[in-house]
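Remarks on the structure that follows.
Nothing here was measured: the structure is a model prediction, and the numbers come from that model.
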Amino acid sequence: MSLAYSTHARRRMQQRGLCERDVELIVRYGTDVRRGLRLLRRRDIRKLAKHTNRPVQHLERILNCAVVMDKDTVITCYHIHGQAGRRALRRDNRRSRRRSARRH
């Protein structure tokens, strides 16, 4: 997988202890929450553990990590913390579903 990384993304990856391989795993196996945002959830880790030889403990380190992208360029990445972060994702996901339902 060929991804480009913005300067901001590289800085955030370094601050948050993520390497390029981690981001590639999130992009490839993560859930598409909305356009341009991929999130690695627990069910994605189960699927990922079957396809890679990485131990589950290593994969749980990137659990609830989100990657924001524009086409093939990674813009930023971050960890979703606590109930407030999950609630915000759920709320935003509901909005995008309503918008797509109106279009059809």
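Among all heavy-atom pairs drawn from A66 and L37, the shortest one is CB-CD1, 3.8 Å.
For R42, the side chain to side chain donor-acceptor pair (under 3.5 Å) partners are E60, not counting sequence neighbours.
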Notebook entry, point to check: Passes side-chain contact (heavy atoms from CB on, under 4.5 Å), R38 versus V74? Steps please.
Noted result: CA-CA 11 Å; R38 305 282 294 180; V74 176; over 6 Å; no

Notebook entry, point to check: Stepwise, does the side-chain contact (heavy atoms from CB on, under 4.5 Å) test hold for R10 with E20?
Noted result: CA-CA 9 Å; R10 290 211 181 269; E20 288 184 13; 2.7 Å; yes

Notebook entry, point to check: Stepwise, does the side-chain contact (heavy atoms from CB on, under 4.5 Å) test hold for R61 with L18?
Noted result: CA-CA 9 Å; R61 182 180 64 80; L18 298 172; 4.2 Å; yes

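The main-chain N or O of C77 is found under 3.5 Å from a side-chain atom of R16 such that the two form a donor-acceptor pair. Remark: side-chain polar atoms of S6 are paired, donor with acceptor, to backbone N or O of I75 under 3.5 angstrom.
We find the CG-CE distance between D32 and M69 to be 10.0 Å, quoted to the nearest 0.5 Å. In this structure, CG in L25 is found 10.0 Å from CD1 in I45, a value given to the nearest 0.5 Å. For the atom pair R28 CZ and R21 CZ, the distance stands at 6.5 Å (nearest 0.5 Å). The distance from atom CD1 of I26 to atom OG1 of T31, rounded to the nearest 0.5 Å, is 11.5 Å. Distance check, rounded to the nearest 0.5 Å: CG of L59 to OH of Y29 gives 10.5 Å. Atoms OH and CG, from Y5 and D72 in turn, are 10.5 Å apart once rounded to the nearest 0.5 Å.
For the side chain to side chain contact (heavy atoms under 4.5 Å, CB included) with V27, the qualifying choice from D22, V67, L40 is V67, the only one to do so.
For the 3.5 Å distance criterion, the side chains of Q14 and R11 fail to qualify, holding no donor opposite an acceptor.
In this structure the side chain of R41 reaches within 4.5 angstrom of the side chain of V33, judged on heavy atoms.
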